[in-house]
Amino acid sequence: MTADVSGQSGVSLWRDPKIRAIFFQVLVLGLFLAFVLYVGNNTIINLEKRGIASGFGFLSQPAGFDIGVVLLMDFNAQTSTHGDVLLIGMINTLAVSFAGIVLATIIGFIFGVLRLSNNWMVNKIAAVYIEVVRNIPLLVQLLFWYGAVGAFLPGVKDSIHLSENVYLNIRGLAFPKIIPEAGFMIIPIALIIGIVATVFVSKWAQKRQDATGQPFPTFWAGLGLIIGLPIIAALVSGIPFSIEDPKFGRFNIQGGWSLEPEFLALLLGLAIYTGSFIAEIVRAGINSVSHGQTEAANSLGLHPNKTMRLIILPQALRVIIPPLTSQYLNLTKNSSLATAVGYPEIVAIFSGTSLNQTGQAIEIIALTMLFYLVISLLISLFMNWYNKKIALVER
Amino acid sequence: MAIVKTERHPEMPPPVSQTGVIGWLRENLFSSWLNSILTLVSLYVVWWAVSHLVSYTIIDANFLGSTKADCTGEGACWVFIKERFGQNMYGFYPVDERWRVDLGYILGAIGLFLVLSDVVKDKKWPAIFLFLIYPVVCYFLFYGGVGLQVVETSEWGGLFLTLVLASVSIFVALPLGIVLALGRRSTMPAVRMMCVGFIELIRAVPLISVLFMASVMLPLFLPEGQNFDKLVRALVGMSLFSAAYMAEVIRGGLQAIPKGQMEAAKSLGLGYWQAMAFIILPQALKISIPAIVNTFIGLFKDTTLVLIIGLLDLLSIVKGGLADTKWLGLATEGYVFVAAVFWVFCFGMSRYSIWLENKLHTGHKR
């Protein structure tokens, strides 16, 4: 007359959560494997049918097409390979993304703070910018900057004269170029020394303030070190560079550096679009700081500027950084829209032209995706590190 | 002889400088020197922008006529948009069959209104209509069959195609996103790993490369001889892409539900799926509605990317029209028109999301 408590009888195997979990996982994995095998098999048959060799051999084949914007490298349509195309695509993506992130952050912080201004006009202007730009597809904006605004730029002869030796025309933005001479390397070295010294000064200042309560003007000291040291180095070594101004040639502006209209349109579009999202993130971050913090700072007699810099922003940053990271990632991924305005980044020249020429769809798409994966991981890692550094330290 | 005032002094109105228009102006526009300067600068900026905008789009613009030669004014040439309006809206859908698209719009608008607004309390039947019956009706209405002339998807275009792309991807992405989010929070490692892998892989790459993959590689994956329509390939790419984003949004909502809710459900004897369907998901979806609408807005804007794989959505139809030799040099008008259409849709959605947020924001409002 004892009740069976062994748990085996009366309860079917199906009711045991552990066994059910194992069954489900085996089922899911089995289905996944079957799917992969099916797709893989189809792909192999299809590739054989079309006579496409698989593998990465195509990377060393000559590319045979020209690229409009080439940075840091030499590219020649005859001798350069698809591997070089990949490399240039990556460099161009990184260049426009980095410039875009810097510009979008500046725009975003300015408009985010303006959006909170107690001046009604300023506040509303920022709101209109955010609401208009955020709700229009980026691709439309890029085509607008490139196709509509770009078309209104004057020809080379009637270039808009922005300032001394800076010209804007239909071929892009031309500005003076720095040509290094012997001994030029001392300037970048001085710059690096300035940056390293600033890091040490800020650490020392922090320690001193912790110990004695004496603040140190770290910002100005750092600014002096980073800008002053290279200038002193240049003066001491007798200005080891010359400046080449852009000059009007017969058909085009000769000499100097220039930014192509494709690059400018992409950079402007990306920065203005992402900037509107960053502005909202900044606003939400600042709003999240309790008003009591401002009142407490005021009652201590802190100047409003210092309140913002020392009390509000550090706390707001904790809320701002995670979504800001997503915006940086979005901007980098959105740079792939360059295809539409003809800026040669990785998707345009590698996933586009190289793919059309070689037909190596799988390898090319896989390499492109791998590149974006690595970039995303690096940005997330860096921002997570920074986030951890500024996060609230709790007991 | 003390002077004692026995009557209460009548209450004085607040100083003029503190109330009414003047007070408002003082407080909001001229509270300090810096603010006054900022106000004047912004007034100038606004005046400059608005006057140029109004003269370009309205005062100096051309509305009458039917060719580019009729555009004689300084401003925008809206004749271009007017003449190509039908194509911008329907693509190459046969003119005699366009009523089918319009009927689809009307049915969809009615369904959406019943589900989204506050007019009907019991939303069971409107929801069944919108999510189960309406898609089937639309398929036959738009594509054809059962007595209607078949219109191939290659003839679809313009705003119509944009709306089809957006609504189908949303329709697929939402349930798929819920499944992925549940999978990501599952205690079964194999299921969890697969969901995490899918979500993170898709989120790390740009939509263009997903679309490229769908258009170039999908045919390679299928058995020989079988092929999908170009539109279906784009839809597969967009749906998978938005499902990954949707999954993260819903995961956020799921994380916000206290553990006690699941424990309470279990103690009532509910199984996993019952607890999810009746206790957890309704709460999680409710708090993630604003984020879900934001994902919709993003998805709607992203439909323009099909331009790059050669589908004729609103943007690519207008862009194609710009290359028409009869209408050269009207890029501004074309892009401003597209921007305005997208803006109306996206701004409307974002306002709806704010309204909904306020409506659902009960209980913890001070």
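Only heavy atoms go into these numbers, but all of them, side chains included; no hydrogens, no water, no symmetry mates. Here is how names work: the chains are called A, B, and so on, in the same order as the sequence lines, proteins then strands, and each is numbered from 1.
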Worked verdict on B:Phe80 versus B:Leu322 for side chain to side chain contact (heavy atoms under 4.5 Å, CB included): CA-CA 9 Å; B:Phe80 168 60; B:Leu322 298 174; 3.7 Å; yes
Criterion ring pair (Phe, Tyr, Trp, His ring centres under 6.0 Å) on B:Phe300 and B:Phe296, from CA distance to verdict: CA-CA 6 Å; B:Phe300 188 73; B:Phe296 283 179; over 10 Å; no
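A:Leu373 touches chain B through backbone and side chain together, each having a heavy atom under 4.5 Å away. In this structure, the portion of B:Met194 lying under 4.5 Å from any heavy atom of chain A is its side chain and not its backbone. Contact annotation for A:Tyr146: neither backbone nor side-chain heavy atoms come within less than 4.5 Å of a heavy atom of chain B. If you measure heavy-atom distances from B:Arg351 to chain A, the contacts under 4.5 Å come from the side chain alone. Residue B:Leu222 touches chain A through its backbone alone, counting heavy-atom pairs closer than 4.5 Å. Within the 4.5 angstrom heavy-atom criterion, atoms from both the backbone and the side chain of A:Leu337 approach chain B. When heavy atoms are compared at a cutoff of 4.5 Å, A:Thr339 approaches chain B solely by way of its side chain, counted from C-beta outward. The parts of B:Leu305 that come within reach of chain A are both its backbone and its side chain, each placing non-hydrogen atoms under 4.5 angstrom from that chain. In this structure, the portions of B:Met213 lying under 4.5 Å from any heavy atom of chain A include both its backbone and its side chain. Looking at B:Leu43, both its backbone and its side chain come within 4.5 Å of chain A, counting heavy atoms on both sides.
The neighbour count for B:Arg26 CZ, taken as heavy atoms of other residues, nucleotides or ligands under 6.0 Å away, does not exceed 12. Heavy-atom contacts from other residues, nucleotides or ligands closer than 6.0 Å to CE of B:Met193 number 12 or fewer.
Between B:His52 and B:Trp48, the ring planes lie tilted relative to each other; the angle falls in the 30° to 60° range.
Side-chain contact between B:Asp313 and B:Thr304 is present, with heavy atoms from C-beta onward closer than 4.5 Å. Annotation: side chain of B:Met217 is in contact with side chain of B:Phe221 (closest heavy-atom distance under 4.5 Å). Inter-residue side-chain proximity for B:Phe345 and B:Leu159 is flagged as met; some heavy-atom pair is nearer than 4.5 Å.
Note: A:Leu143 leads A:Asn330, A:Val347, A:Ile365, A:Leu143 in heavy-atom pairs under 4.5 Å with chain B. No other option in A:Val28, A:Asn123, A:Val132 has as many heavy-atom pairs under 4.5 Å with chain B as A:Val132. Most heavy-atom pairs under 4.5 Å with chain A: of the set B:Leu330, B:Leu201, B:Asn35, B:Thr303, this distinction falls to B:Asn35. When each of A:Val39, A:Thr332, A:Thr368, A:Ile22 is checked for heavy-atom pairs under 4.5 Å with chain B, A:Val39 comes out on top. Among B:Leu34, B:Val216, B:Leu38, the residue making the largest number of heavy-atom pairs under 4.5 Å with chain A is B:Leu38. Note on B:Pro223, B:Cys346, B:Ser209, B:Ser42: by heavy-atom pairs under 4.5 Å with chain A, the leading option is B:Pro223. Contact count versus chain B (heavy atoms, under 4.5 Å) is highest, among A:Arg134, A:Glu131, A:Gln141, for A:Glu131. Looking only at heavy-atom pairs under 4.5 Å with chain B, the residue among A:Trp120, A:Phe24, A:Phe371 that has the most is A:Trp120.
No donor-acceptor pair under 3.5 Å is formed between the side chain of B:Arg184 and the backbone N or O of B:Val196.
By the 4.0 Å N-to-carboxylate-O rule, A:Glu280 lies close enough to A:Arg283 to be salt-bridged with it.
In plain terms, the two heavy atoms of B:Phe198 and B:Ala244 that are nearest each other are CE2-CB, 4.4 Å.
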